[in-house]
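First up is the structure itself, then whatever we jot down about it.
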Amino acid sequence: MPELPEVETVRRGLVRAMQGRRFAAVRLNRADLRFPLPNGFADRLSGQRIEAIGRRAKYLVVALSGGESLIMHLGMSGRFTVVHQGGKARSLGEMYGEAAGGAGGLHDHVVFVLDDGTRIVYTDPRRFGMMDLCPTGEVSSHRLTRRLGVEPLGKELSARRLAVAMAARKAPLKSLLVDQRLIAGLGNIYACEALFRAGLSPKRPAGTLARNGRPDPRLAKLVLAIRAVLNDAIDAGGSTLRDYADADGASGAYQHRFSVYDREGQPCRRRGCRGTIRRIVQAGRSTFYCPRCQH
DNA sequence: AGCTCGACCTGCACGC
DNA sequence: TGCGTGCAGGTCGAGC
């Protein structure tokens with residue numbers, strides 16, 4: 001589930017549940033996600049007030065009263081479930097549909113208990129997720145975040161910026177779009193969707209849009225497409241894939257609006273186009289596109 | 001330096 | 001029914 005729109009949706013849910021509260025306790029059902037949790041993880045969180053919850057690319061950054069920040073990444077299959085005291089569970093980014101009741105599912109690795117009794121359960125079957133702690137002032141130089149490129153929804157992303165990065169590059173355009181060192185937060189789904197929206201082929205060598213480092217006009221269109229796709233997805237509450245419907249409507253809905261992603265063999269949705277969506281593999285990842293619309 | 005690939009890990013859909 | 005295969009939204013590091 002988690003690309004930028006999904007992480008942003010989760011962030012907003014966590015803000016409602018956590019901001020201003022304190023950690024009363026932290027329970028670890030296993031201490032290794034993608035890599036081991038930092039030393040003293042639970043003790044360093046306990047008693048801390050949650051001052052703010054931000055996002056950098058696909059990372060969630062929780063600023064704590066004691067001067068440290070909790071950096072978290074959901075990997076491929078991570079999600080949070082908020083279990084209110086005496087209330088029902090509310091999933092934030094659900095997948096593999098289990099443990100929504102907070103009853104202690106097989107892959108519930110970390111449980112944050114807040115001072116109002118709310119439990120925030122981190123579930124992650126594949127354990128590609130990550131959690132680390134570092135001084136709040138050092139978040140941007142942390143090894144996980146220091147090489148990240150520009151935020152796609154910030155004003156640093158521009159056609160000129162892309163042109164500089166793409167000049168003389170022979171890699172396919174799509175490969176550059178999912179490179180977090182260039183655009184931080186764009187993943188496989190939304191890169192495909194943005195390229196469709198911009199009418200650009202994922203196979204096109206990136207450098208062909210930046211002759212002499214100057215932006216081709218189509219790059220401006222691509223920037224607009226990236227922002228539009230991400231904003232539309234955030235507005236829809238993100239995408240929820242291979243999932244059960246959530247009882248209280250926490251599931252995202254954007255997956256119903258995909259133009260190309262996971263639509264191999266289906267007709268192009270652009271009015272008047274009789275093309276068929278094709279799937280290819282680039283750098284080991286599936287790419288979906290309409291050969292009639294994208295050049 | 002740029003690019004691709006395999007590794008990490010589990011679950012699910014599919015075909016036989 | 002069971003088993004094998006391939007696929008999945010992530011990132012990283014090795015090796016060409």
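For clarity, every value in this text was computed on a predicted model and none was experimentally measured.
The distance from the SG atom of A:Cys268 to the CZ atom of A:Phe196 is 4.0 Å, given to the nearest 0.5 Å.
Taking atom OH of residue A:Tyr190 and atom P of nucleotide C:dG10, one finds them 10 Å apart after rounding to whole Å. Summarising the geometry, the separation between CG on A:Asp124 and P on C:dA8 is reported as 18 Å, rounded to the nearest angstrom. When rounded to the nearest whole Å, the span between CZ of A:Arg285 and P of B:dA7 equals 15 Å. In this structure, CG of A:Asp32 is placed 14 Å from C1' of B:dT10, rounded to the nearest angstrom.
The residue A:Arg181 sits apart from the nucleic acid: no heavy atom pair falls under 4.0 Å. Using a 4.0 Å heavy-atom distance criterion, A:Pro5 is classed as making no nucleic acid contact.
Partner assigned to C:dG10 is B:dC8, using Watson-Crick or G-U wobble distances below 3.5 angstrom.
Note on A:Arg257 versus A:Glu193: no salt bridge recorded, every NZ/NE/NH1/NH2 to OD/OE distance being 4.0 Å or above. For the pair A:Glu151 and A:Arg56, the salt-bridge criterion is met [side-chain N within less than 4.0 Å of a carboxylate O].
Phosphate proximity of C:dG10 to A:Gln180: absent, as no side-chain N or O sits under 4.0 Å from OP1 or OP2.
Classified by interplanar angle (parallel below 30°, tilted 30° to 60°, perpendicular above 60°), the ring pair A:Tyr254/A:Tyr190 is tilted.
Between A:Phe128 and B:dC8, a base-stacking contact is recorded: ring centres under 5.5 Å apart, planes less than 30° from parallel.
One can find a donor-acceptor pair under 3.5 Å joining the base of C:dT11 and the side-chain atoms of A:Arg34. Below the 3.5 angstrom threshold, one finds a donor paired with an acceptor across the side chain of A:Arg126 and the base of B:dC9.
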